[in-house]
Amino acid sequence: MPAKRLFIKTYGCQMNVYDSERMADVLAPLGYAMTETPEGADLVVLNTCHIREKATEKVYSELGKLKEMREERLAEGGSRMTIAVAGCVAQAEGEEILRRQPAVDLVVGPQAYHQLPELIARSHRARGERLSAEFAADEKFDALAPAGRRAEGVTAFLTVQEGCDKFCTFCVVPYTRGPEWSRAPAAIEAEARDLAAQGVREVTLLGQNVNAYAGEGGLAALARRLAAIPGIERIRYTTSHPRDMDEALIAAHGELPELMPYLHLPVQSGSDRILKAMNRAHTAESYVRLVERIRSSRPDIAISGDFIVGFPGEREADFEATLSLVREVGYATAFTFKYSRRPGTPASAMPGQVDEAVKDERLARLNALLDEQARAFNASQVGKTLPVLFERPGRHPGQLIGRSPYLQAVHATAPDRLIGQIVPVRIGSAARMSLGGVLVVEELEAR
Ligand code: 5AD
Ligand code: SF4
């Protein structure tokens with residue numbers, strides 16, 4: 001049987017990246033091999049994101065292009081392309097997708113990917129029958145057979161938790177990904193062992209609320225368990241809610257060398273009034289104190305965050321409170337967003353929606369400050385020697401790219417055999433997004 005070609009386009013968060021890989025895994029036994037472009041593909045899957053309006057609109061415009069591509073190919077006597085929409089837009093707007101874009105054959109929500117082979121078979125049998133599968137039971141991970149996954153490279157994502165019970169008033173995640181749910185530690189350990197055996201050295205544990213991980217002993221115990229696996233040398237996790245940052249996890253940062261000193265800890269706003277309206281369950285003050293506690297456990301930890309500007313009711317004074325929180329915390333890096341009104345969320349119906357122009361202006365000011373902090377953080381590494389895990393060849397011949405413990409990209413001249421190894425690199429230069437350095441051994445040899 002000739003291989004069928006599968007193209008998956010992934011939008012949004014790292015959890016979608018993980019899910020796309022698992023979809024490729026479940027489709028491989030059906031004869032689907034991955035291809036780099038939709039042209040010529042037999043099956044196209046859009047793994048979508050619903051978090052902000054822009055992300056959702058991109059999906060509909062991509063679907064329009066795919067429809068044309070399919071019609072052209074059929075007109076030329078080519079084979080028919082099956083078009084599937086997966087991910088959070090599928091979950092949130094399943095029926096609407098089928099109505100808005102008649103070219104879509106399949107709609108499959110994030111909890112139903114294990115049903116993909118069956119859905120595709122059914123859709124092929126009943127030509128033209130359009131199918132949709134949404135919330136299924138917690139069988140997703142068992143059925144996706146992660147033990148059989150193929151690792152690519154020396155770092156890997158590993159989903160340990162899904163869903164959210166926090167209901168921040170701006171956010172669609174509790175509706176698209178469902179309630180918080182954690183995988184069993186033994187299943188996660190098995191997947192990590194399998195990855196380690198394939199050469200993976202660093203795992204990033206994923207969850208919408210990863211630090212709410214509810215397996216025995218919480219995320220701290222899970223990290224210790226995974227750190228004991230031979231070959232697993234680095235552990236990261238994302239995304240964390242300040243509310244779930246417990247003492248055991250804070251302590252683990254000080255005690256467990258495998259746990260990398262980088263923490264993505266979204267704050268969203270520095271104004272207590274806005275935080276309350278967002279239903280964030282923390283204040284600016286409690287967040288700053290939390291960061292202090294984390295830093296007393298692991299003084300060099302790099303903090304990153306998410307920020308929303310222009311939440312309904314945000315006044316200049318609220319925004320300035322965000323700027324002063326940023327100055328107080330000092331971020332290594334950050335993600336900033338203009339508030340996007342999401343249908344069905346409480347904030348979309350709140351009074352005091354902020355003008356786009358005001359959002360733009362605040363975003364620019366916040367970005368300027370965070371940019372300055374990111375540059376300063378990177379510059380502070382110059383002259384230091386950092387352990388770098390080399391991941392892949394760089395753009396220039398003879399160059400490798402790796403990551404520092406703080407998740408900075410590091411470029412250095414190094415032989416390919418160092419890919420997958422953690423090597424001391426003396427940092428010589430810093431830019432906004434990356435560092436440049438020299439292998440310490442080479443420096444010694446040159447003397
Ligand atoms: N508008 C803008 N940003 C949002 N985020 C979530 N929902 C919205 C929204 N409606 C941001 C938050 C979250 C990140 C993943 O996306 O900052 O932490
Ligand atoms: Fe969305 Fe808040 Fe849950 Fe994060 S914690 S996924 S922002 S509802």
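Values below: every heavy atom of this structure, side chains too, minus hydrogens, waters and symmetry copies. Just so we're clear, the structure is a prediction, and the values are computed from it rather than from any experiment. For ligands, and for the atoms within them, numbers begin at 1 and follow the listed sequence.
Summarising the contacts of atom 7 (N) of ligand 1 with F170, F335, F337, the nearest heavy atom is found in F170. Evaluated by nearest non-hydrogen atom to atom 13 (C) of ligand 1, the leading choice among V172, V173, D306 is D306.
In terms of protein heavy-atom proximity, atom 1 (Fe) of ligand 2 is closest to C171 SG, 2.2 Å. The shortest contact between atom 16 (O) of ligand 1 and any protein heavy atom is with R52 NH1, 2.7 Å. The protein heavy atom nearest to atom 17 (O) of ligand 1 is Q268 OE1, 2.6 Å. Of the protein's non-hydrogen atoms, S340 N, 2.9 Å is the one closest to atom 1 (N) of ligand 1.
No N or O atom of R342 sits closer than 3.5 Å to an N or O atom of ligand 1.
Using a 4.0 Å cut-off to heavy atoms of I308, the atoms of ligand 1 that qualify are 3 (N), 4 (C), 5 (N), 12 (C), 17 (O). Proximity to C168 (heavy-atom distance under 4.0 Å) selects the following atoms of ligand 2: 2 (Fe), 5 (S), 7 (S), 8 (S). Listed by atom number, the atoms of ligand 2 under 4.0 Å from F167 heavy atoms are 8 (S). Close contacts of ligand 2 with F170, meaning ligand atoms under 4.0 Å from a residue heavy atom, involve 7 (S). Ligand 2 places these atoms under 4.0 Å from at least one heavy atom of P174: 8 (S).
The one candidate from F319, Y331, F170, F335 that meets the ring pair (Phe, Tyr, Trp, His ring centres under 6.0 Å) condition with F307 is Y331.
In this structure, NE2 in H411 is found 6.0 Å from CD in Q399, a value given to the nearest 0.5 Å. A distance of 5.0 Å separates CZ of R234 from CG of L389, quoted to the nearest 0.5 Å. Here the straight-line distance linking atom OG1 of T204 with atom CG of L158 works out to 9.0 Å at 0.5 Å rounding.
Proximity of K338 to ligand 1 is established by a heavy-atom distance of less than 4.0 Å.
Both the sub-6.0 Å distance and the 45° axial angle are not jointly satisfied by R5 relative to the ring of Y32.
Here the two rings, on Y237 and H253, have centers that are under 6.0 Å apart.
With a cut-off of 2.8 Å, atom 3 (Fe) of ligand 2 has no N, O or S atom of H241 in range.
Counted within 6.0 Å of CD on E328, heavy atoms from surrounding residues, nucleotides or ligands total 12 or fewer; the atom is thus considered open. Within 6.0 Å of CD on E356 lie more than 12 heavy atoms contributed by other residues, nucleotides or ligands. Other residues, nucleotides and ligands place no more than 12 heavy atoms under 6.0 Å from the CD atom of E53.
Protein heavy atoms all stay at least 4.0 Å away from atom 4 (Fe) of ligand 2.
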Check the pair T10 / I8 against side-chain contact (heavy atoms from CB on, under 4.5 Å), numbers first and verdict last. CA-CA 6 Å; T10 308; I8 304 182; 4.1 Å; yes

